[in-house]
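We number each residue from 1, following the sequence as shown. One-based numbering, in listed order, for ligands and for the atoms of each.
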Amino acid sequence: MADELIAQLGGSLAAVNDRIRVACERSGRDRASVRLLPVSKTMGIDKIRALHANGCALFGENKVQEAQHKAELLADTPSIQWSVIGHLQTNKARFVARFASEFQALDSLRVARELDKRLQAEGRAIDVFVQVNSSGEESKFGLPPDEVEAFAESLHPFESLRIRGLMTLAVFSESHERVGACFTRMQQLRERLRDNDRASGDYDELSMGMSGDFELAIAHGATVVRIGQAIFGARLNPLDYWPPSG
Ligand SMILES: *Cc1c(COP(=O)(O)O)cnc(C)c1O
């Protein structure tokens with residue numbers, strides 16, 4: 001059974017990697033400039049182990065409690081690491097400081113302060129991405145694009161946060177134009193940050209693109225694509241969070 005799952009996920013991982021390679025070729029980019037982050041939210045431990053057996057070591061999770069629970073269950077495999085990609089409440093920063101190696105959803109000074117404090121206490125530092133609301137939708141987390149520069153300039157005191165770049169979720173739409181407009185906004189914002197000597201961080205990274213739009217994101221300069229369903233299979237019920245109830 002485990003072998004079957006390893007082969008099955010190995011197949012879908014190879015297919016996704018192939019699509020990433022083709023997207024890179026089309027835009028004249030080096031394949032090594034794009035990192036695939038498998039998103040394992042709602043997926044069980046067996047699937048995570050099977051993907052790990054296929055060479056994946058860092059997994060994205062959007063809910064702190066779910067991620068922490070999985071990290072505990074997989075503590076026997078220390079080569080598995082965790083990237084928290086969802087909004088963080090200040091009171092959960094201490095958990096992230098303990099088990100995560102990357103945090104992609106920084107969107108407030110309160111969280112920056114609390115996470116930095118907890119990381120200092122753990123004697124750790126992690127890679128951090130500032131989340132931007134590139135679509136302007138009210139339902140989305142992240143800073144409005146025009147607030148990001150001032151925010152980046154205020155991150156200097158937090159020495160345990162290695163600010164690596166920006167993260168966004170584009171508008172959920174069939175329209176390449178509307179999705180592409182979000183990605184273009186992110187590219188321009190990253191350029192401004194790179195030119196801004198007062199900003200804390202290096203802004204080499206642009207985390208954007210999911211199962212439905214990662215090729216377009218790569219064409220717009222994404223350096224990290226966060227992909228769940230195209231690897232693990234559909235999440236039938238979006239509310240069906242792991243572990244399953246009942
Ligand atoms: C779920 C999720 C993804 C992956 O979405 P898929 O459609 O499964 O590829 C990427 N980023 C974030 C922040 C997510 O919550």
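- In terms of heavy atoms, Gly86 sits closest to Phe103 at O-CE1, 3.8 Å.
- The contact set between ligand 1 and Gly228, taken as ligand atoms under 4.0 Å from a residue heavy atom, comprises 4 (C), 6 (P), 8 (O), 9 (O).
- Among protein heavy atoms, atom 12 (C) of ligand 1 sits closest to Ile85 CD1, 3.5 Å.
- Ranking protein heavy atoms by distance to atom 7 (O) of ligand 1, first place goes to Gln229 NE2, 3.2 Å.
- By the 4.0 Å N-to-carboxylate-O rule, Asp202 lies too far from Arg194 to be salt-bridged with it.
- Side-chain atoms of Ser40 do not come within 3.5 Å of backbone N or O of Ile48 as any donor-acceptor pair.
- Inclusion of Met167 in the set of residues having an N or O under 3.5 Å from an N or O of ligand 1 is not warranted.
- Within ligand 1, the atoms closer than 4.0 Å to a non-hydrogen atom of Ile227 are 9 (O), numbered from 1 in the order shown.
- The nearest protein atom to atom 6 (P) of ligand 1, hydrogens excluded, is given as Ser211 OG, 3.5 Å; this is a heavy-atom distance.
- Contacts between Arg235 and ligand 1, counted as non-hydrogen atom pairs separated by less than 4.0 Å, involve the side chain only.
- Ligand 1 places these atoms under 4.0 Å from at least one heavy atom of Lys41: 1 (C), 2 (C), 3 (C), 14 (C), 15 (O).
- Residue-environment remark: CD (Gln65) stays at or below the threshold of 12 foreign heavy atoms within 6.0 Å.
- With hydrogens left out, the protein atom closest to atom 4 (C) of ligand 1 is Arg226 O, 3.6 Å, a heavy atom.
- In this structure, atom 5 (O) of ligand 1 lies nearest to the protein heavy atom Met210 CE, 3.4 Å.
- Counting non-hydrogen atoms of neighbouring residues, nucleotides and ligands closer than 6.0 angstrom, the CZ atom of Arg35 exceeds 12 such neighbours.
- Smallest separation of non-hydrogen atoms from Ala57 and His52: CA-CD2, 4.3 Å.
- Under the 3.5 Å distance criterion, the side-chain polar atoms of Lys140 are matched with a main-chain donor or acceptor of Ala170.
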